[in-house]
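These notes are about the structure you will find just below.
Chain identifiers are assigned alphabetically (A, B, ...) following the order of the sequence lines, protein sequences preceding nucleic acid strands; residue numbering begins at 1 within each chain. Just so it is clear, the structure is predicted and the values come from calculations on it, not from any experiment.
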There are 2 protein chains.
Amino acid sequence: MPPPPPITNTIRRLRFDHGEMTQQQLADRIGMTRQTVAAIEQNKYSPSLEAAFRIAEVFGVEIGEVFQWKAEQTPGS
Amino acid sequence: MPPPPPITNTIRRLRFDHGEMTQQQLADRIGMTRQTVAAIEQNKYSPSLEAAFRIAEVFGVEIGEVFQWKAEQTPGS
DNA sequence: ACATCATGTAAAACATTATTGACATAACGT
DNA sequence: ACGTTATGTCAATAATGTTTTACATGATGT
């Protein structure tokens, strides 16, 4: 199992804020499978940039409102 | 050769707006190779979401200011 | 109890993105 | 002329993202 990417997302909340849109409905609108949506939503891996643009468009928000990037943790003293 | 993705970018301009930063310098700052930066800059393919976040951070802008997404062209009438 | 729907999950195949190493050219300074 | 730097490009390989098929669970409705 690969380590989870340093990116989190709010897809789950956005889906329910938009009429309890199902994963299947979101998948249909962005041209992906339900499994891919589920994996992204659970942060198993981060999507391609194109997929991220499509998801943001469905919810009418910026990419930054869907995905949050944890900046590099400098290997600390 | 795969078709170019429906995403354009302004990396070249951003580099030169930031002290004529070289592809190599940008690559170093985002932890990628020079060749990958060149390929993205020339729109050979679009980067991962994480790479996009890193590039935007280097230039201090939103992802949308680095990458522009051409919405789906509906197969026209 | 049964059917249906939304979701979680897993393995294999496939597609795309990224790296490495190599060679090329143009621009610049000496 | 020569060396250096920035960039373009290519082929092979590795790493990651996506699809497909399949089976599982909990919730809902009849």
* Ignoring hydrogens and angles, does a donor from either the side chain of A:Glu41 or the base of C:dT7 sit under 3.5 Å from an acceptor on the other? ->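 Absent.
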Once rounded to the nearest 0.5 Å, what's the spacing between atom [atom1] of [X] and atom [atom2] of [Y]?
X: B:Arg13; Y: B:Glu65; atom1: CZ; atom2: CD; result: 8.5 Å
X: A:Phe16; Y: A:Met21; atom1: CZ; atom2: CE; result: 11.0 Å
X: A:Thr33; Y: A:Gln24; atom1: OG1; atom2: CD; result: 8.5 Å
X: A:Leu49; Y: B:Ile55; atom1: CG; atom2: CD1; result: 9.0 Å

* To do: Could you check which of D:dA6, C:dT9, C:dA18 has an atom nearest any side-chain atom of A:Ala38?
  =>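 For A:Ala38, the side-chain atoms sit closest to C:dT9.
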[X] [atom1] to [N] [atom2], straight-line distance once rounded to whole Å:
X: B:Ile40; N: D:dT16; atom1: CD1; atom2: C1'; result: 14 Å
X: B:Ile55; N: C:dT17; atom1: CD1; atom2: C1'; result: 13 Å
X: A:Tyr45; N: C:dA18; atom1: OH; atom2: P; result: 16 Å
X: A:Phe16; N: C:dA6; atom1: CZ; atom2: P; result: 11 Å
X: B:Gln35; N: D:dC10; atom1: CD; atom2: C1'; result: 10 Å
X: A:Met32; N: C:dT7; atom1: CE; atom2: C1'; result: 18 Å
X: A:Lys44; N: C:dA10; atom1: NZ; atom2: P; result: 6 Å
X: B:Gln24; N: C:dT19; atom1: CD; atom2: P; result: 12 Å

Ignoring backbone atoms, test whether [X] places a side-chain nitrogen or oxygen under 4.0 Å from the OP1 or OP2 oxygen of [N].
X: A:Gln23; N: C:dG8; value: yes
X: A:Arg15; N: C:dT7; value: yes
X: B:Thr36; N: C:dT19; value: yes
X: A:Gln42; N: C:dT9; value: yes

* To do: Select from B:Ser48 and B:Arg12 the residue whose nearest nucleotide in DNA chain D is closer to the 5' end of that strand.
  =>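 By nearest-heavy-atom nucleotide position, the 5'-most residue is B:Arg12.
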* To do: List the steps, then state whether side chain to side chain contact (heavy atoms under 4.5 Å, CB included) holds for A:Glu41 with A:Arg15.
  => CA-CA 10 Å; A:Glu41 189 169 305; A:Arg15 280 199 299 114; 2.8 Å; yes
* 5'-most contact on DNA chain C: B:Arg34 or B:Pro47, nearest heavy atom basis? ->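 So the residue in question is B:Pro47.
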